[in-house]
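Below is one structure, written out as structure tokens, with a few remarks after it.
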Amino acid sequence: MSGLDLQGLRKTFGSMEALAGVDLRVPSGSRTAIVGPSGCGKTTLLRLIAGFEQPDAGRLALDGRVLFGEGAPVPSHHRNIGVVMQDGALFPHLSVADNIGFGLSRRDPSRAGTVAGLMDLVGLPGAMRDKRPDQLSGGQQQRVALARALAREPSLMLLDEPFSALDTGLRAATREAVAALLAAKAITTVLVTHDQAEALSFADQVAVMHDGRFRQIGAPRDLYLRPKDAMVAAFLGDAILLPATVAQGKVDCALGCFAADLSTDPGPCQLMLRPEQLHVSTIAEAPAAASTGEVVGISFGGASCTIQVRLASAPDLPPLRLSVPSRAEHQIGEAVAVAVDGPVHILPIS
Ligand code: ATP
């Protein structure tokens with residue numbers, strides 16, 4: 001099987017179970033992002049794949065070659081895996097250009113061009129080619145590490161928060177450029193990130209990890225719109241959760257009654273909505289099915305505002321936190337209508 005294949009990977013440190021049996025398939029040439037709370041085992045998993053540490057149990061194969069689990073483990077330097085960890089780890093005595101070109105033959109006539117192209121890709125000015133790592137900022141060092149790993153065109157690229165030290169503007173541009181390059185060269189990639197938007201935009205597949213296990217793995221859109229539980233829902237973006245009840249193909253909650261998937265079990269549940277599914281309007285402009293409420297909090301956030309709305313139908317529920325355009329100047333105490341757009345998603349009670 002080509003791509004990365006992990007089966008039942010376990011790792012403990014003393015009595016701490018960092019990985020409790022991890023299964024993951026990353027098809028060849030695709031990109032998977034791993035997200036999860038701090039300490040859930042993300043970096044440990046990357047270190048096992050890279051061969052920096054060995055699992056206690058399980059099997060690890062890359063493009064059909066068993067790296068761990070049958071016979072002696074393949075040492076990390078024979079795995080053809082590019083790694084960019086949080087700290088970059090550059091060669092301190094080498095220039096930027098020599099760090100990036102480290103894995104390339106000095107006799108290769110295209111070496112200088114490859115190095116220049118990669119510097120351009122990650123946003124490093126050509127004038128920096130002769131600087132040493134200690135003359136660069138943290139963000140610049142991280143970009144050199146990224147370029148160095150890309151230069152060797154590895155069978156698998158492991159990226160642990162590679163964009164975290166970059167400024168917001170450069171971060172999005174670098175991420176898009178790196179994702180495009182990895183896709184163009186069909187390099188199988190695993191990215192670890194804390195940033196849910198980064199995971200959703202960078203990867204073909206997102207894996208949400210919790211307590212050393214994957215909670216859910218799937219395409220970004222599926223995970224965002226149809227998470228299997230409240231933890232996955234909250235990890236991938238703002239989620240509005242409302243107590244609800246399913247009966248006879250309908251789900252009933254404080255925002256109204258909606259069609260439920262016929263396969264949903266009847267009984268109490270939670271209804272999950274993403275903020276962009278809720279539209280706020282004046283009472284006069286409200287569609288027929290809208291609920292009414294009162295604005296009880298406003299927080300200005302630049303492009304959009306978050307307003308808190310207490311629903312008239314459920315005054316005991318915590319106010320809904322809704323995103324509205326900044327130009328819609330709401331007032332505390334104002335009566336508003338809230339309408340739901342699109343299919344609703346039902347979660348088990350957590
Ligand atoms: P973060 O997002 O904060 O980087 P993470 O999800 O990458 O966290 P890991 O670094 O993989 O988490 O750590 C998982 C657990 O294993 C943590 O409880 C951590 O303290 C523990 N751990 C990791 N490496 C070691 C080690 N070498 N010795 C002992 N415990 C370790």
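One-based numbering, in listed order, for ligands and for the atoms of each. Owing to the predicted nature of the structure, the values given are computational and were not obtained by experimental measurement. Numbers here are sequence positions counted from 1.
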Item to check | Within 45° cone of Y224 ring axis and under 6.0 Å: R274 NZ or CZ | outcome: yes
Item to check | For M16, the ligand 1 atoms whose distance to one of its heavy atoms is below 4.0 Å | outcome: 15 (C), 18 (O)
Checklist entry - Does R132 offer a backbone N or O that forms a donor-acceptor pair with the side chain of Q135 under 3.5 Å? => result yes
Checklist entry - With a 4.5 Å heavy-atom cut-off, do M231 and V208 have their side chains touching? => result yes
Item to check | atom 19 (C) of ligand 1 protein-contacted (non-hydrogen atom, under 4.0 angstrom) | outcome: no
Next on the checklist: Which residue and atom name correspond to the protein heavy atom nearest atom 17 (C) of ligand 1, and how close is it?
Outcome noted: G39 O, 3.8 Å
Checklist entry - Under 6.0 Å from the six-membered ring centre of F102 and within 45° of its axis: does the NZ or CZ of R148 meet both? => result no
Next on the checklist: Give me the residue, atom name and distance of the protein heavy atom closest to atom 2 (O) of ligand 1.
Outcome noted: K42 NZ, 2.8 Å
Next on the checklist: Suppose I only count heavy atoms of T44 and a 4.0 Å limit; which atoms of ligand 1 are within that range?
Outcome noted: 9 (P), 11 (O), 13 (O), 14 (C), 23 (C)
Item to check | Side-chain (T282) to main-chain (E285) donor-acceptor, under 3.5 angstrom | outcome: yes
Item to check | Nearest neighbour in protein (non-hydrogen) for atom 4 (O) of ligand 1 | outcome: T43 OG1, 3.8 Å
Next on the checklist: As a check for students: among G41, G14, A18, identify the option with a heavy atom nearest to atom 16 (O) of ligand 1.
Outcome noted: A18
Item to check | Separation of T44 OG1 from K11 NZ (nearest 0.5 Å) | outcome: 8.5 Å
Item to check | Closer than 4.0 Å: a protein non-hydrogen atom to atom 10 (O) of ligand 1 | outcome: yes
Checklist outcome for this item: Looking only at non-hydrogen atoms, the one of S38, G212, G36 nearest atom 1 (P) of ligand 1 is S38
Checklist entry - When you look for heavy atoms under 4.0 Å from ligand 1, do you find them on the side chain of H194, its backbone, both, or neither? => result side chain
Item to check | Within one Ile-Leu-Val-Met-Phe-Trp-Tyr cluster: L158 and L48, side-chain cutoff 4.5 Å | outcome: yes
Checklist outcome for this item: When rounded to the nearest 0.5 Å, the distance separating CZ of F163 from CG of L146 is 5.5 Å
Item to check | Nearest protein heavy atom with distance in Å, relative to atom 23 (C) of ligand 1 | outcome: F13 CE1, 3.5 Å
